[in-house]
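Scroll down for the structure; my scribbles are underneath it.
We count ligands from 1, going down the list as the structure has it; atoms in each ligand are counted the same way. Owing to the predicted nature of the structure, the values given are computational and were not obtained by experimental measurement.
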Amino acid sequence: MLSSATLDVFYDLRRREFQRTVSYLYGQAGSPVNMGEQMFLTVMNVITSMLWGGTVKGEERASLGAEFRQVVAEMTELMGKPNISDFFPGLAWFDLQGIRKRFGECAMKFEGIFDSMIQQRMKIDKEGGNGGGKDFLQFLLKLKDEGDAKTPLTMNHVRALLLDMVVGGTDTTSNTVEFAMAEMMNKPEVMRKAQQELEVVVGRDKKVEESHIGKLPYLYAVMKEVLRLHPALPLLVPHCPSESCVVGGYTIPKGARVFVNVWAIHRDPSIWKSPLEFDPERFLRGTWDYSGNDFSYFPFGSGRRICAGVAMAERMVMFSLATLLHSFDWKLREEKLDLSEKFGIVLKKKMPLVAIPTPRLSHPALYEYE
Ligand code: HEM
């Protein structure tokens with residue numbers, strides 16, 4: 001469902017959302033912009049329009065986006081909150097911090113939004129139209145109706161898949177872009193090199209297209225280095241063996257919750273030279289990739305549960321960075337840049353990156369949103 005071929009079908013959608021952001025930033029030229037917030041909005045709009053863009057439109061979509069942003073933020077905050085019940089399982093029933101209760105409330109809100117989307121899509125399909133465009137929801141409902149006796153897809157599966165994509169794809173992608181921009185602002189020579197590469201490949205009289213991405217090896221190395229230093233899910237997602245097993249000489253009992261500290265592995269001095277330094281060129285010299293086969297570098301996890309959205313994440317992070325760097329020069333609002341991290345299930349910047357854009361393309365028309 002998130003294969004390259006499917007992503008190609010939805011390219012126009014991503015292009016439009018990014019152009020909308022560029023146009024907004026052009027209007028903010030010379031003024032401070034909260035980069036994380038802008039990226040979150042862009043990624044959220046891309047993902048929700050892929051999910052049900054053909055189902056809801058206009059004002060309804062905008063208000064739904066705002067509602068979603070708030071519920072996703074609450075859910076990721078709750079996922080990362082230390083929970084006394086994890087340390088004293090006997091107390092779990094009391095839900096002393098009210099985390100389970102708040103989680104339940106978020107789940108209800110999501111369910112309400114998804115159910116109304118599903119109803120609308122079913123109504124459109126019944127009336128014989130396609131609602132003005134294809135979307136994932138239409139695709140999922142078709143899969144559900146066609147049925148597969150071995151692995152049937154239920155309505156609950158449809159809801160869970162929608163939730164996975166919204167929660168799994170938004171914060172991870174936008175935080176990665178925010179860290180990348182912050183690291184490059186801290187090392188202006190890296191930003192200059194990335195911009196020079198874009199000038200050669202794209203040129204100042206053109207907009208960046210996704211087709212340019214494969215021709216930007218330096219920017220690709222920047223993305224890989226950011227995912228090394230600031231992996232969006234520093235402990236991956238909790239795993240749980242269905243049978244007791246032995247890994248590296250340690251017995252992992254059935255049902256145990258296992259966290260893999262990829263953040264620490266990515267900073268291990270026995271693997272990485274100057275591990276705390278932001279040095280994209282190490283990825284031009286070395287051969288690490290994030291396919292999950294190399295246990296010294298796996299920001300998307302590994303094995304059967306590897307991130308389902310790797311191809312989409314790659315396109316969105318690369319397209320965001322290329323667009324931001326090619327369309328604008330960036331300077332900091334404050335003299336000092338704070339690169340510290342805030343740990344949770346999702347890794348965030350402790351202090352938001354606030355930066356000032358200056359347009360750098362050759363013509364104002366390149367900033368227009370059609
Ligand atoms: C820079 C961006 C992203 C990073 C760093 C990232 C990283 C990860 C990681 C580490 C996992 C857990 C893998 C494991 O435990 O072995 C995961 C799971 C997942 N990701 Fe991503 N992700 C990103 C973007 C996305 C996007 C854009 C989507 C889809 C729209 C997505 C969908 C998912 C889903 C559905 C899962 C659960 C897979 C499963 O449990 O089978 N992710 N991601």
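- Aromatic ring centres of Tyr26 and Tyr369: separated by at least 6.0 Å.
- Of all atoms in ligand 1, listed by their number and element, those nearer than 4.0 Å to a heavy atom of Leu236 are 10 (C), 15 (O).
- Ring-plane geometry between Phe136 and Phe139 is classed as perpendicular, the angle between the planes exceeding 60 degrees on a 0 to 90 degree scale with a lower cut at 30.
- The environment of CZ in Arg267 is crowded: more than 12 heavy-atom neighbours from other residues, nucleotides or ligands sit within 6.0 Å.
- Residues Met108 and Leu78 fall into different hydrophobic clusters, defined by Ile, Leu, Val, Met, Phe, Trp and Tyr side chains chained together at heavy-atom separations under 4.5 Å.
- Distances below 4.0 Å separate heavy atoms of Thr176 from the following atoms of ligand 1: 1 (C).
- Residue-to-ligand polar distances place Arg305 within reach of ligand 1: an N/O pair is separated by less than 3.5 Å.
- Environment of CZ in Arg285: crowded, with over 12 heavy atoms of neighbouring residues, nucleotides or ligands closer than 6.0 Å.
- Among all non-hydrogen protein atoms, the one lying nearest atom 30 (C) of ligand 1 is Met165 O, 3.8 Å.
- In terms of hydrophobic clustering, with Ile, Leu, Val, Met, Phe, Trp and Tyr side chains grouped at heavy-atom distances under 4.5 Å, Met351 and Leu337 are assigned to different clusters.
- Looking at atom 24 (C) of ligand 1, its nearest protein heavy atom turns out to be Thr172 OG1, 3.5 Å.
- Atom 12 (C) of ligand 1 has its closest protein heavy atom at Val237 CG2, 3.8 Å.
- Contact annotation for atom 28 (C) of ligand 1: protein present (non-hydrogen atoms, distance under 4.0 Å).
- Those atoms of ligand 1 that come under 4.0 Å of a heavy atom in Ala232, given as number and element, are 5 (C).
- The aromatic rings of Phe283 and Trp272 are tilted relative to each other, their planes meeting at an angle between 30° and 60°.
- The aromatic rings of Tyr297 and Tyr290 lie tilted to each other, with the angle between the two planes from 30° to 60°.
- The hydrophobic clustering, which links ILVMFWY residues whose side-chain heavy atoms are closer than 4.5 Å, places Leu235 and Leu233 apart.
- Against a heavy-atom cut-off of under 4.0 Å, Ser302 is close to the following atoms of ligand 1: 16 (O).
- The closest non-hydrogen atom to atom 35 (C) of ligand 1, taken over Pro299, Ala308, Cys307, comes from Ala308.
- Given atom 9 (C) of ligand 1, the protein heavy atom at minimum distance is Leu233 CD1, 3.4 Å.
- Classification of the Phe179-His230 ring pair by plane angle, with boundaries at 30° and 60°, yields parallel.
- Ranking the protein heavy atoms by distance from atom 32 (C) of ligand 1 puts Gly309 N, 3.8 Å first.
- Among protein heavy atoms, atom 2 (C) of ligand 1 sits closest to Ala313 CB, 3.6 Å.
- Between the side chains of Asn156 and Thr154, no donor N or O sits under 3.5 Å from an acceptor N or O.
- Gly168 O, 3.5 Å is the protein heavy atom nearest to atom 25 (C) of ligand 1.
- In this comparison of His239, His230, Met223, Arg304, the heavy atom closest to atom 15 (O) of ligand 1 sits on His239.
- Among all non-hydrogen protein atoms, the one lying nearest atom 26 (C) of ligand 1 is Gly169 CA, 3.4 Å.
- Checking Tyr290, Phe300, Phe259 against atom 4 (C) of ligand 1, the nearest heavy atom belongs to Phe300.
- Between the choices Asp164, Ile306, Thr170, Val226, the shortest heavy-atom distance to atom 38 (C) of ligand 1 belongs to Ile306.
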